[in-house]
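Below, all heavy atoms of this structure are taken into account, side chains as well, without hydrogens, waters or symmetry copies. Numbers restart at 1 for each chain; the letters A, B, ... are given by sequence-line order, proteins then strands.
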2 protein chains.
Amino acid sequence: MRKEQYTMQDIANELGISKSTVSRALKNHPDISQDTKNAVNKLAKEKDYQPNSLALSLRHNKSFVLGIIVPEIVHDFFANVISGVQTVAYNEGYNVMICISNESIEQEVVDTKAMYSSRVDGLLISTTKKTTDLSHLQSLVRKGVPLVMFDRVSDELDVSKVITDDHHGAYLATEHLIKQGCKKIVHLSGPNNLAIGINRKEGYKAALRDYKIAVDDNLIIPCPLGDLKEATEVTKQLLDSDLSFDAIFANNDVTAIGAMTSVKNKGLKIPEDISIVGFGDWRLSKLLEPPLTSIEQSGIDIGIQAATLLLEQIKAEEKDKEFKPRTEIIKSKLIKRESSTQR
Amino acid sequence: MRKEQYTMQDIANELGISKSTVSRALKNHPDISQDTKNAVNKLAKEKDYQPNSLALSLRHNKSFVLGIIVPEIVHDFFANVISGVQTVAYNEGYNVMICISNESIEQEVVDTKAMYSSRVDGLLISTTKKTTDLSHLQSLVRKGVPLVMFDRVSDELDVSKVITDDHHGAYLATEHLIKQGCKKIVHLSGPNNLAIGINRKEGYKAALRDYKIAVDDNLIIPCPLGDLKEATEVTKQLLDSDLSFDAIFANNDVTAIGAMTSVKNKGLKIPEDISIVGFGDWRLSKLLEPPLTSIEQSGIDIGIQAATLLLEQIKAEEKDKEFKPRTEIIKSKLIKRESSTQR
DNA sequence: TTGTAGGCGTTATCAT
DNA sequence: ATGATAACGCCTACAA
């Protein structure tokens, strides 16, 4: 059995005073005499008294905990987001509880309930790729829990959102390839049920149109899973087919690496034979050989922005102020990377 | 103000029964009539009643939360550990609260206190590189909180530990280089205050001795920070000096990449001119060009093992059984990676 | 300046 | 089969 905890009552007993006096002394209430405060603080330090947040949370109906649910954690983007969230949370005296849905809807539902049961003061979530039914989140909102969606969002829910400018980023990527002289640009596209996949595809098309290049649907290859195996396989098939192309715009980091692998295995050179640009927040882009030019989404910035929005809402509602959900867009940037052969 | 939560009392009122009956009905207590149970469950579902874990935790002095403190999260190794911990925790009905110390001792101390305040049922920790004073952890242990240290551990504390077999791994790495024909192997070594740094260095020395190669202290270069900048700089200086060497055994992933960068910048080929082997759990090792042979530490396995040990202790102590702390060693493995030039 | 009492949501004990 | 009550640790209006 866990050792007994040392409580205010214990301090009170030892000092022959009441626990309310102890409570007030510890929070430096002006009514309490300096003598009492000294005695209480001394004993508290001596016995290494640590308040019980559970009791506090129950009392105040406020836990000072932010929840965050991500589909995976072994992924630079989400790890960066969490890191950004933590930074903001710490500064405001909040802790962070993390759940990993592992791209499983069932897990996501369970996690959401667990978060509410723990009475988190607010929740940040990036849904599963497969999530379409949002009733678990709706239920949360109905219960009055501030919610912020990031990266993978849905417009069925009237909550704050933080997204990257996928359309713009994809446009930049495609434009970059066009300016390099590429004419036949393959797009390895993401799932069509996520805004992210659609927007990137549209940005790609828009750039082609602006530069008077016909959109060829044969060059748009679906990679709905977005994992390494799929991307490698798809690209291999592409290379083995009679379709000719001189560049690939991959809708995410893993897809880009898969494409890269197959291109290399085929004995082709990057970027001489085929240029590749990837989308995402990945340390890898600069470490690969050749390092890939990429469209950076700043996970940290998204985390910071999302947590800031969430806290804003939490605080507003605590003061009974109305809070209107907002959608913040984090601009993506094109980061050109030179191949080391050019150094 | 957060919307009122729907409680057992509310159910009781609506049904004109007492909250204790509701409590029993919800947990399917045999004493309660089926009629009552049905009514209660129906209403609970209708109103989407969700228990308040805070109240439960307070009542039972048990939170069903495991805490974990890691120095960083944007790092494959720690992300993998967390992932492993989550898996185990979920299966046992526990949630996970994560704190990131950011390699800051002050933050680590704050985090530890926060964890205790939240009354986590147990804590997993990998300390800061700089942590030498363990009083914050000792205090935790004194309070009866089960503690498991992993990866970066200290033998000043009599708690369970999960570590990798660093000595063995370093031996394997060095042996691999020797068998490739390397004679002058540089070791970029880690901090001397961490077991991890010492053991890897000793493993390196042991392999040299076993293969009758004299240990040359000039070839052991300290990289106490272990960051990219330091490693790159140190290797650059090494290459600019008149010291000759044909291989580098880097004590971690980042150090390996730093070394790689400088070697490439110097116009040298890997592994033809200089072989590099790195230590760690990193997706990068297989994606770099050339992919580096590496000593794999399985972060997931460490996470699983650590969480398992922690839960074992928690359960034992709940039954008032004594639990003797154990140290588990996760074997490191050498993963050979062929350069794509050999494909 | 300090103490008393009630309550946050839940469950266990002891009635009825 | 169900209810009343106390308790977990803390805070706060009210009383003294």
Residues in residues 7-15 of chain B with a heavy atom under 4.0 Å of DNA chain D, by number, are none
Enumerate the residues from residues 22-38 of chain A whose closest heavy atom to DNA chain D is under 4.0 Å, giving them by residue number; use none for an empty result. A/Ser23, A/Arg24
Can you tell me if [X] and [Y] form a side-chain donor-acceptor pair at under 3.5 Å?
X	Y	answer
B/Asp111	B/Ser101	no
B/Asp133	B/Ser135	yes
A/Lys27	A/Ser23	no

Indicate yes or no: at least one non-hydrogen side-chain atom of A/Lys47 is less than 4.5 angstrom from one of A/Glu14. yes
So do B/Thr7 and B/Asn52 actually touch side chain to side chain, heavy atoms under 4.5 Å? no
base_contact_polar (C/dC8 base, A/Arg59 side chain, donor-acceptor, <3.5 Å): no
Considering only heavy atoms and no angle criterion, is a donor-acceptor pair shorter than 3.5 Å present between the side chain of A/Ser20 and the base of C/dT4? yes
Between [N] atom [atom2] and [X] atom [atom1], what is the distance in whole Å?
X	N	atom1	atom2	result
A/Tyr6	D/dC10	OH	P	11 Å
A/Arg119	C/dT10	CZ	P	7 Å
A/Leu54	D/dC11	CG	P	13 Å
B/Gln50	C/dG9	CD	C1'	14 Å
A/Lys19	D/dC8	NZ	C1'	10 Å

Do B/Thr21 side-chain atoms and B/Ile17 backbone N/O form a donor-acceptor pair below 3.5 Å? no
Do we get [X] above [Y]'s six-membered ring, with its NZ or CZ under 6.0 Å from the centre and within 45° of the axis?
X	Y	result
B/Lys321	B/Phe323	no
B/Arg152	B/Phe150	no
A/Lys45	A/Tyr49	no

Please evaluate residues B/Arg326 and B/Lys161 with respect to the criterion side chain to side chain contact (heavy atoms under 4.5 Å, CB included), reporting the C-alpha separation (whole Å), side-chain torsions for both, the decisive distance (0.1 Å), and the verdict. CA-CA 6 Å; B/Arg326 293 204 306 275; B/Lys161 287 154 204 167; over 6 Å; no
Rounded to 10°, the angle between the first-five-pair and last-five-pair axes of the helix from C/dT1-D/dA16 to C/dT16-D/dA1 is 50°
Just to be sure I understand the rule, does B/Leu58 reach a base, reach only the sugar-phosphate, or reach nothing, if contact means heavy atoms closer than 4.0 Å? base
Checking C/dT11, D/dG9, D/dG3 against the side chain of B/Ile17 (C-beta onward), the nearest is D/dG3
Any side-chain N or O of B/Tyr49 less than 4.0 Å from the OP1 or OP2 oxygen of C/dG9? no
Would you say A/Thr21 reaches C/dT2's phosphate, i.e. side-chain N/O to OP1/OP2 under 4.0 Å? no
Show the numbers, then the answer: is there a side chain to side chain contact (heavy atoms under 4.5 Å, CB included) between B/Leu123 and B/Val148? CA-CA 6 Å; B/Leu123 181 66; B/Val148 174; over 6 Å; no
